[in-house]
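Take a look at the structure set out below.
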4 protein chains.
Amino acid sequence: MRVERDGPAVTERAAAVPRRGRPRSEQSRLAILDATTELLLEHGLAGASMDAVAERAGVSKATIYRWWPSKEALALEAVYRAWKGEEPSQIDTGSLRGDLRAMLVPWVRRVRERPYGRVIAALVTEAQTDPTFEEQYRTRFVEPRREQGRAAFARAAARGEIPTGVDVDVALDMLYGPLYHRLLHRHAPLNDRFVADVIDAVLRSLAR
Amino acid sequence: MRVERDGPAVTERAAAVPRRGRPRSEQSRLAILDATTELLLEHGLAGASMDAVAERAGVSKATIYRWWPSKEALALEAVYRAWKGEEPSQIDTGSLRGDLRAMLVPWVRRVRERPYGRVIAALVTEAQTDPTFEEQYRTRFVEPRREQGRAAFARAAARGEIPTGVDVDVALDMLYGPLYHRLLHRHAPLNDRFVADVIDAVLRSLAR
Amino acid sequence: MRVERDGPAVTERAAAVPRRGRPRSEQSRLAILDATTELLLEHGLAGASMDAVAERAGVSKATIYRWWPSKEALALEAVYRAWKGEEPSQIDTGSLRGDLRAMLVPWVRRVRERPYGRVIAALVTEAQTDPTFEEQYRTRFVEPRREQGRAAFARAAARGEIPTGVDVDVALDMLYGPLYHRLLHRHAPLNDRFVADVIDAVLRSLAR
Amino acid sequence: MRVERDGPAVTERAAAVPRRGRPRSEQSRLAILDATTELLLEHGLAGASMDAVAERAGVSKATIYRWWPSKEALALEAVYRAWKGEEPSQIDTGSLRGDLRAMLVPWVRRVRERPYGRVIAALVTEAQTDPTFEEQYRTRFVEPRREQGRAAFARAAARGEIPTGVDVDVALDMLYGPLYHRLLHRHAPLNDRFVADVIDAVLRSLAR
DNA sequence: CGGTAATCGAGACGGTACGTCATGTCTTACA
DNA sequence: TGTAAGACATGACGTACCGTCTCGATTACCG
């Protein structure tokens, strides 16, 4: 994310190599991300202006642009950070149904509690146009969950719960696809019941 | 779409009631929609400016704003019109698999031939924020296809192809959801093969 | 003013030569002029739009443009008509002071009773740019009064009230100039008292 | 003119108090004023667009609107600045006639050399409608000259050149009024000869 | 402890698009 | 032919946001 002038990327947290000059203000960084998250959830990406972020964070616009190359990149990181906190990282319930439920139910609950759909749609839209952004988006929002899913299916196969030769990518799309579909199109409720129905259907489709 | 001053909405084509005053220029209307479609596909919604549409259509901006309340509304109608043309309206192949294929394969081909994903993502994003727009979007892009799908499932049930009590809305989300998912996230190919896999999985999940 | 297509100018009132086609609607003409006058006095020239005139007059814009070439020309005629009504046409009081008072006092009263200053300023401004308009303006608003003034001075000279060789044009500018000055700059009251002061000063300046 | 956020108005030239933030570009400010002046003289106020000013000054429209609230306000300051340069500030020739000549002759010459009449008419027109603008106009274009005039008359009275009890405001209107009258109505030449005639007449009118 | 270097705040700037509005022309149906 | 209705091209308006920039002030380290 960061535009590095010298040395390796240090988006997350720099190793404690003492640098010359005034160090980056951690307080500003957090204020920016918090302000961005709030504004995104309140007004969406289009309605959240950099001037507003700067003002709410008590920070200058130049500071923001020093560390994030664009509004979209900032939004990406802000949402990622807000999201990451409650994500269940280690999942292994012992059954495929349990694993899938443990993956999908928290996602749905998170997405329902605040208007994340609007922000996610905007990020997805931006990813269609900007390849750099697309890669960032995929690395943070898509791949981790797919990897988690692949691991769950692999464990299920090892347990003999599902036949070998299952196309896991298709299966994952049939799990996440419907959820995103209801999130973005809002034509029908996105709740635990729907998650259960989707998981049931996928499991049935695998059972021969 | 049109801002009607008196009488019922006549977005599509007005009945031939002779009105006073200079009639709307059909030529301008089409030029605007065509120009919009092209610019959307070339640059996306954010990159397509109203000034550019006006210039390419050989039309004044005021004329555009007379008939469409916003850029997004114009984009919606332009994409809808470009889309509608090749849509298979009447589908009844005699089997559920055939019907679903007839619905989904053309959709996938259409979506692949030009960068519609970018535009659809932008429309979906706008729908998250503007309720009026959301309704327009749903009426034109979501509901017709769902209605078509419900009819196909109803015929299949009547034929005894599928059990009674199938939750059709869930089934439709499991068909369209994965397609939209690959369209918007682009993590894996969206092709006829994938359509077949998805249909197979859904049919298997219904077979008890 | 009128754009004549065939035949002589008939701005004032056409001779009753029977013409082909539907005759001009006298009612519309008056409604347009009245509406224009009212809008000019309410909002000034810039704030009075042709659409507003058309609407208030219950007339179509095309009708206005058929008879007047521009908004300014219409305003000119409207103000002229509103003005002309109360103008004292024949003046001969027997003394120069009396004649001047008879010329200037009604002018001042008229100009004070409604916000004519704003409209006159706008007409003067337009006259600076458009030569055709300037000539119209001068013919209607400047020359008649100057001619009247010249006649008054001529009678005074004939009576021996003032010396021969008086530069009447300068004298007239010293009478009307201060009035317009206060009308347009509004730095000091424009009332009967001021008129008397100006006339007194001019007469004193002529007395040798 | 400037919209001051904190502290006193500093339209003219800010005292050298070091402020935070990027300082205002003096170069841009001058370029804007110069471009405005030229466009005003070439095309008048109505014909001088903000887009044209921005382009000619090599400046963005937003920059102009940051410092001037409207086109008219910008025009006012531009004309004022162009005007002020050659104004004789200190006048005391020893005689009232000399003082008046020193005031009026440069004014007439200035006004004749370029089409200022058109611009002044437009400013006067605007002042009729916008009270804020009117005050700005009066402060810059009317009051300074009247104050100068009052001082000249006061000196003349102190010298015994004119009687006591002269109504100076009337006298000033009889001096400037005719000049503005010829400037704006253009019915007769506005030259040094006319200035001399007007001054003569006013002085005669004061000599009992 | 003074110098060096980077960050931060404030905020002006060029650029670009937005959506609105007014002028004056044109097209149709009706009188 | 004149008129009402109203669509249209043209083009200016004033606003908002983006991303860059120029300052002076601040906060570290390093010699």
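Please read all numbers here as calculations on a predicted model, not as lab measurements. The sequence lines fix the lettering, A, B, ..., with proteins before strands; numbering per chain opens at 1.
As rounded to whole Å, 13 Å separates atom P of F/dA7 from atom CD1 of B/I32. With rounding to whole Å, A/D130 atom CG is found 15 Å from F/dG19 atom C1'. In this structure, the CG atom of A/L74 is 15 Å from the C1' atom of F/dC17, given to the nearest Å. The CH2-P distance, from B/W68 to E/dT20, rounds to 15 Å in whole Å. Straight-line distance from the CZ atom of A/R29 to the P atom of E/dC8: 11 Å, rounded to whole Å. In this structure, the CD atom of C/E55 is 13 Å from the C1' atom of F/dG6, given to the nearest Å. One can place CD of B/E72 at 12 Å from C1' of E/dG19, the figure rounded to the nearest angstrom. The interatomic distance linking A/I64 (CD1) with F/dG19 (P) rounds to 11 Å, in whole Å.
Interatomic distance, CZ of B/R81 versus OG1 of B/T36, reported as 9.5 Å (0.5 Å rounding). Within the model, atoms CG of A/D34 and CD of A/E38 stand 7.5 Å from one another, a figure rounded to the nearest 0.5 Å. Here D/R24 contributes atom CZ and D/T63 contributes atom OG1; the two are 9.5 Å apart, rounded to the nearest 0.5 Å.
Side-chain nitrogen and oxygen atoms of B/S60 include at least one within less than 4.0 Å of the OP1 or OP2 phosphate oxygen of F/dA9. Taking side-chain N and O atoms only, D/W67 has no distance below 4.0 Å to OP1 or OP2 of E/dA12. An OP1 or OP2 oxygen of F/dA7 is reached within less than 4.0 angstrom by no side-chain nitrogen or oxygen of B/S25. Listed pair C/S28 / F/dA4 meets the phosphate criterion, a side-chain N or O lying under 4.0 Å from OP1 or OP2. Listed pair C/R66 / F/dG2 meets the phosphate criterion, a side-chain N or O lying under 4.0 Å from OP1 or OP2. OP1 or OP2 of F/dA9 sits under 4.0 Å from a side-chain N or O of B/T63.
Nearer the 5' end of DNA chain F, as judged by each residue's closest nucleotide, is the contact made by B/P23, out of B/P23 and D/S70. Take the nearest nucleotide of DNA chain E for A/G58 and for B/A52: the residue whose nucleotide is more 5' is A/G58.
Between C/L40 and C/A75, the closest heavy-atom pair is CD1-CB, 3.6 Å. C/R118 and C/L41 make their closest contact through NH2-O, 3.2 Å (heavy atoms, listed as atom of the first residue, atom of the second, distance).
Under the rule for a side-chain hydrogen bond (donor to acceptor under 3.5 Å, both in side chains), the partners of A/T125 that lie at least two apart in sequence or sit in another chain are B/T125.
Using a cut-off of 4.0 Å between Lys/Arg side-chain N and Asp/Glu carboxylate O, C/E42 and C/R56 are scored as salt-bridged.
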Contact list (N/O, under 3.5 angstrom) for nucleotides 21-23 of chain E vs protein:
unit_1, atom_1, unit_2, atom_2, d
E/dT23, OP1, C/K71, NZ, 2.8
E/dT23, OP2, C/M50, N, 2.9

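If you check distances only, the side chain of A/R22 does reach the base of F/dT26 with a donor-acceptor pair under 3.5 Å.
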